[in-house]
Amino acid sequence: MSRRIFILGAGGFGRELFAWLYESTSCRPDDHVAGFLDSNPDALGHRSDYGRIVGAPEDFRPAPEDYLVCAIGSPEAKLRLCRELQRKGAKFLSLIHRTAFVGASSRLGDGVVLCQGAVVTSNVALGSFVTLNVHASVGHDAIVGDGCTLSAHCDVTGRASLKEGVFLGSHATVLPGVRVGEYAVVGAASAAFRTVKPRTTVVGVPARVISERAANQSQK
Ligand SMILES: CC(C)(COP(=O)(O)OP(=O)(O)OC[C@H]1O[C@@H](n2cnc3c(N)ncnc32)[C@H](O)[C@@H]1OP(=O)(O)O)[C@@H](O)C(=O)NCCC(=O)NCCS
């Protein structure tokens, strides 16, 4: 049976994934991209080259041949939607570009996305719905919790630990053994030298706290 693939999220990242989906090691030649799921029916604008938005994620009812790939950058939105869809029986493909590298004894959760040049070295644990954008890397023995998003060129070094829902901006670095708490944000080009508390945003080199959020306030 050929598979129907739906891209969850028709924003910029969804369009990037659409461009290279068939270059991933997990896609088969007879897979068929059925379209995007997005609650904004105009999210693609006039870009008809990308196919179409077939419906909203909340209305999606998966058939046996249906698979989703997750193209949402915001960890909070990503985890909320993906978990809800999984509860409805949706299956997620992990999308691993053929130029990405996954080293020995590393473990990947469901629905991860590893873009061009992403590197997961030795004995790394990536949770479900983790996204590594282009050239992001995760060093030996590091742990990356469910839903984390590592933007392009991020460097999570050896033994670092990211809890659920962490967002790292482009070129962010987490130093060896440093812990980053749930739903924290490390800004673009910033470097976390020491523990980052949950729901805190840090920026700069070395990173300093610029804001803290309550549990009911959303992440940027
Ligand atoms: C960290 C971040 C989320 C903060 O956003 P914010 O809460 O709106 O913060 P503001 O823009 O109000 O900035 C607050 C202060 O932090 C500074 N700041 C913000 N981001 C910074 C960064 N990455 N590095 C250094 N300083 C930064 C601002 O200059 C400002 O300083 P000031 O108070 O002295 O003027 C955002 O700046 C960022 O880096 N986002 C990552 C974007 C990215 O890489 N996305 C991936 C591609 S989609």
Side-chain angles (χ1 to χ4, degrees), residues 7-21 36-40 43-45 47 50 57 69-82 95 97 99-100 111-120 126-127 129-139 142 144-157 160 162-175 178-220:
I7 301 173
L8 180 60
F13 188 47
R15 284 181 276 120
E16 287 177 354
L17 289 196
F18 179 87
W20 62 261
L21 204 94
F36 292 84
L37 298 177
D38 200 297
S39 46
N40 172 8
L44 288 174
R47 301 178 186 94
Y50 292 96
V69 297
C70 176
I72 298 174
S74 155
E76 266 178 3
K78 175 165 60 171
L79 282 175
R80 190 181 62 248
L81 264 179
C82 292
L95 212 58
H97 192 267
T99 62
V112 302
V113 176
L114 306 185
C115 297
Q116 289 89 334
V119 174
V120 174
L126 294 190
F129 309 118
V130 168
T131 308
L132 266 61
N133 211 319
V134 296
H135 297 288
S137 67
V138 182
V144 178
D146 288 351
C148 290
T149 293
L150 280 56
S151 302
H153 299 277
C154 279
D155 185 10
V156 172
T157 60
L162 275 51
K163 295 289 190 183
E164 174 172 304
V166 168
F167 180 84
L168 303 184
S170 302
H171 292 265
T173 300
V174 179
L175 265 68
V178 167
R179 292 161 180 236
V180 183
E182 289 92 346
Y183 296 95
V185 173
V186 181
S190 301
F193 280 42
R194 58 175 78 96
T195 302
V196 179
K197 288 190 186 153
R199 297 181 186 275
T200 300
T201 298
V202 299
V203 298
V205 183
R208 63 186 166 88
V209 175
I210 57 163
S211 62
E212 294 172 71
R213 295 182 314 282
N216 60 356
Q217 286 178 297
S218 65
Q219 204 176 24
K220 289 243 172 185

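By convention here, the first residue in the shown sequence is residue 1. Both ligands and their constituent atoms are indexed starting at 1 by order of listing.
- The line from OG of Ser39 to CG of Leu81 is 7.5 Å long, rounded to the nearest 0.5 Å.
- When only interatomic distances are considered, the shortest N/O to N/O separation between Val202 and ligand 1 does not fall below 3.5 Å.
- Between Trp20 and His97, the two ring planes are perpendicular [angle over 60°; tilted spans 30° to 60°].
- Contacts between Ser170 and ligand 1 below 4.0 angstrom, taking non-hydrogen atoms only, involve backbone and side chain alike.
- Which parts of ligand 1 touch Ser151 is read off a 4.0 Å heavy-atom cut-off, strictly below it: atoms 46 (C).
- Among Val130, Leu150, Thr149, the one residue that satisfies the side-chain contact (heavy atoms from CB on, under 4.5 Å) test with Leu162 is Leu150.
- Near Thr201, meaning under 4.0 Å from any of its heavy atoms, are these atoms of ligand 1: 1 (C).
- Close approach of ligand 1 to Gly187 (heavy-atom distance below 4.0 Å) involves ligand atoms 1 (C), 23 (N), 39 (O).
- In this structure, the side chains of Lys78 and Thr131 come closer than 4.5 Å at one or more pairs of heavy atoms.
- The CZ atom of Phe13 sits 12.5 Å away from atom OG of Ser74, with the distance rounded to the nearest 0.5 Å.
- Put simply, the side chain of Ser151 reaches to within 4.5 Å of the side chain of Phe167, judged on heavy atoms.
- Contacts with ligand 1 closer than 4.0 Å are made by no heavy atom of Asn133, backbone or side chain.
- Atom CZ of Arg199 has more than 12 heavy atoms from other residues, nucleotides or ligands within 6.0 Å.
- Using 4.0 Å as the threshold, Ser190 has a heavy atom nearer than that to some atom of ligand 1.
- By heavy-atom distance, the residue among Ala207, Cys154, Gly169 lying nearest atom 41 (C) of ligand 1 is Gly169.
- Between atom 27 (C) of ligand 1 and the options Leu168, Val185, Val203, Ile210, the minimum heavy-atom separation is to Val203.
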